[in-house]
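Sequence lines set the chain letters: A, B, ... in the order given, protein chains first and strands last, and positions in each chain run from 1.
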Amino acid sequence: MPELPEVETTRRGIAPWLEGRRLLGARVRQPRLRWPVPADLDARVRGRRVRQVRRRAKYLLLDLGNDDWLLLHLGMSGSLRVLPKDSPPGPHDHLDLLLEERRLLRLRDPRRFGAVLWWHGLPQAHPRLRRLGPEPLSATFSGAHLYGLSRARRTPVKAFIMDQRVVVGIGNIYANEALFAAGIHPGRAAGHIALPRYRRLVAAIRETLEAAIAQGGTTLRDFEQADGRPGYFAQTLRVYGRAGRPCPRCGTPIRRRELGGRSAWWCPRCQR
DNA sequence: ACTGGATCCTGACTGC
DNA sequence: TGCAGTCAGGATCCAG
């Protein structure tokens, strides 16, 4: 999926078209996503003004006022684009939100792991958001936080930092890249990493995510920014998807192995 | 509580 | 050209 940098890039791209504007309606072509899209979405959103487009973890939150929220998740293959009102939909264009100024916000999601959820109340009280860990770019995320949560955990550190209850926003690309930047082997038991190394890891996570946001995220195949451009961080990837190719730091061939059901890539010399 | 595995879905790619 | 197998940016649920 879109990980934090791709979701944040999307938020920044769509916000100017939504904030302070009204929604004129919704067209749902395929309601069967991760969870069913509300059947009455069109009636619910029509005429509602979007106060703000926020992001929590990998969720986009449209603040419609009166404690009503529309939550969007892009799953593995989702993207959102702002298009002219009469653009013909493709086979995986499941939802349009009709905007002012003859525009629409279109959700495309070939694998349909994404979600469109309605919520009334505080967003942090939503069942899907309630148990989320800290934002990695916030001050509450620290080496001490990772260290404290990881004691006695035997799970590989890569799976540990991809657990959204530990810290949000990190998926398979940025977990691999941040661990390379920190010099930590992805298979190392989370509970066997000392505090100074977790401090390094936190710095590496922040630097990696911020650099990726600056490049508009990573496009492997599906991801598009709101204006249709790809993200350009793919050319900056140092280990992800690079099995057998030389480590950019020492030249040793990058290795790949399945870890916790996901592919891990690392340099056997630089990462311990 | 923690861990690993299966699961949802479609498309791209590889090898025969 | 076709077909089978593998893999893919996520997150939940279940069994042990």
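Between B:dT3 and A:R153, a contact under 4.0 Å exists linking OP1 or OP2 to a side-chain N or O. The side chain of A:R262 places an N or O atom within less than 4.0 Å of a non-bridging phosphate oxygen (OP1 or OP2) of C:dG10. Phosphate contact (OP1/OP2 of B:dA1, side-chain N/O of A:R151, threshold under 4.0 Å): absent. Here A:H92 reaches the OP1 or OP2 of B:dG11: one of its side-chain N or O atoms lies under 4.0 Å away. Phosphate proximity of B:dT10 to A:R112: present, with a side-chain N or O under 4.0 Å from OP1 or OP2.
Among residues at least two apart or in separate chains, side-chain hydrogen bond (donor to acceptor under 3.5 Å, both in side chains) pairs with a member in residues 250-260 of chain A are A:R256-A:S263. A side-chain hydrogen bond (donor to acceptor under 3.5 Å, both in side chains) check over residues 178-197 of chain A, counting only residues at least two apart or in different chains, returns the pairs A:H185-A:W266. Pairs of residues two or more places apart, or lying in two chains, never qualify as ring-ring contact (aromatic ring centres under 6.0 Å, His included) while including a residue from residues 136-157 of chain A. Within the structure, side-chain hydrogen bond (donor to acceptor under 3.5 Å, both in side chains) pairs that include any residue of residues 120-130 of chain A comprise A:D68-A:H120 (at least two apart or interchain).
Remark: C1' of C:dG10 and CG of A:L33 are 14 Å apart, rounded to the nearest angstrom. Between the P atom of C:dG10 and the CG atom of A:L4 lies a distance of 11 Å, rounded to the nearest Å. One atom, CG of A:L72, and another, P of C:dG10, lie 17 Å apart when rounded to the nearest Å. For the pair A:R221 CZ and C:dC7 C1', the interatomic distance rounds to 8 Å; values are reported in whole Å.
The minimum heavy-atom distance linking A:R238 with A:A181 is given by the pair NH2-CB, 3.5 Å. Shortest non-hydrogen contact noted between A:V168 and A:E135 is CG2-OE2, 3.5 Å.
As judged by a 4.0 angstrom heavy-atom cut-off over every strand, A:S263 is placed among residues touching the sugar-phosphate backbone only. Among the protein residues, A:R108 comes within range of no part of the nucleic acid, since none of its heavy atoms lies under 4.0 Å from any strand. A:R34 comes within 4.0 angstrom of a nucleotide base, judged by non-hydrogen atoms across all strands. Among the protein residues, A:Y174 comes within range of no part of the nucleic acid, since none of its heavy atoms lies under 4.0 Å from any strand.
Residues from residues 113-132 of chain A placing a heavy atom under 4.0 Å of any atom in DNA chain C, listed by number, are A:F113, A:R128. Only at 4.0 angstrom or more do the heavy atoms of residues 159-172 of chain A sit from any atom of DNA chain B, so none qualifies.
Remark: the separation of the P atoms in B:dC9 and C:dC3 is 23 Å, to the nearest Å.
By the side chain to side chain donor-acceptor pair (under 3.5 Å) test, A:R112 is found to be paired with no residue, residues two or more places apart in sequence or in another chain being considered. Applying the side chain to side chain contact (heavy atoms under 4.5 Å, CB included) rule to A:A190 yields the partners A:S150, A:R153, A:T155, A:F160, A:Y198; only residues at least two apart in sequence or on another chain are considered. Under the side chain to side chain donor-acceptor pair (under 3.5 Å) criterion, A:R154 pairs with no residue at all, not counting sequence neighbours. Scanning for side chain to side chain contact (heavy atoms under 4.5 Å, CB included) contacts around A:W69 gives A:R54, A:L61, A:D63, A:L71, A:W119, A:P123, with sequence neighbours left out. In this structure, the side chain to side chain contact (heavy atoms under 4.5 Å, CB included) partners of A:A115, at least two apart in sequence or on a different chain, are A:R34, A:W35, A:H73, A:L117.
Scanning atom types as modelled, one donor and one acceptor separated by under 3.5 angstrom connect the side chain of A:R111 and the base of C:dA8.
For the pair A:L149 and A:P110, nearest-nucleotide mapping onto DNA chain B gives the more 5' position to A:L149.
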Inset, instruction - Both distances under 3.5 Å, Watson-Crick or G-U wobble: on that basis, could you give the dot-bracket string for DNA chain C, with [ ] for crossing pairs and | for other-strand partners? - result: .|||||||.|||||||
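Nearest to the side chain of A:T155, among B:dG4, C:dA8, C:dG10, sits B:dG4.
Under 3.5 Å, the side chains of A:T219 and A:Y232 contain no donor-acceptor pair of N or O atoms.
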